[in-house]
Amino acid sequence: MRTIEPLGNNVLVEAVKPPEKIGRFYVPEPSRHQEGEGTVVAVGPGRVAASGAYCSMGIKPGDHVVYNWVNGREVKLDGKTYKLLDAEEI
C-alpha cells in the first residue's frame with residue numbers, strides 16, 4: 001500500500017460519498033456536491049513561522065471535517081478518493 005505524506009500546511013482527507021437519499025427524500029445531484037466531508041488521514045507538519053519553527057495545526061488524523069468541494073486537489077490512491085487540502089480550507 002502506498003502512502004502520501006502532506007507537506008507544509010496540507011491535510012489529506014478521505015472523502016465520504018454524499019448521500020443520495022435522506023430519509024424518504026432524494027437529494028438532487030447539484031446539492032450533493034456543495035459541501036465535502038471526510039476523515040483526516042494525514043497532516044503535514046504545519047506552516048513555518050518567521051522564526052523558522054513550525055506552527056502546529058489543530059487538526060489530527062481521525063478528525064471528521066467539512067470543506068467546500070471545489071477546494072483542494074483530488075487524489076486517487078489504491079481505489080480510494082482523497083482530497084489534498086490546505087488546512088485553511090477546512
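In this text the structure is predicted, and so the values were computed from the model without any measurement.
- Nearest heavy-atom pair, G46 versus Y54, reported as atom, atom and distance to 0.1 Å: O-CD2, 3.3 Å.
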Stepwise salt bridge (Lys or Arg N to Asp or Glu O under 4.0 Å) test for R47 and E88: CA-CA 11 Å; R47 290 209 185 278; E88 295 173 359; 3.4 Å; yes
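- Between N68 atom CG and I90 atom CD1 the span is 12.0 Å, to the nearest 0.5 Å.
- Linking ILVMFWY side-chain heavy atoms closer than 4.5 Å, directly or via other members, places L77 and L12 in a single hydrophobic cluster.
- The two atoms that bring P6 and L84 nearest to each other are CB-CD1, 4.3 Å, heavy atoms only.
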Criterion side-chain contact (heavy atoms from CB on, under 4.5 Å) on E74 and T81, from CA distance to verdict: CA-CA 7 Å; E74 192 170 283; T81 303; 3.6 Å; yes
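- Y82 and V41 make their closest contact through CE2-CG2, 3.9 Å (heavy atoms, listed as atom of the first residue, atom of the second, distance).
- Rounded to the nearest 0.5 Å, atoms CD1 (I4) and CG (D78) are 9.0 Å apart.
- In terms of heavy atoms, N10 sits closest to L7 at ND2-O, 3.0 Å.
- Of all heavy-atom pairs spanning M57 and A87, the tightest one is SD-CB, 3.6 Å.
- The minimum heavy-atom distance between P61 and A42, with the atom names listed, is CG-CA, 4.4 Å.
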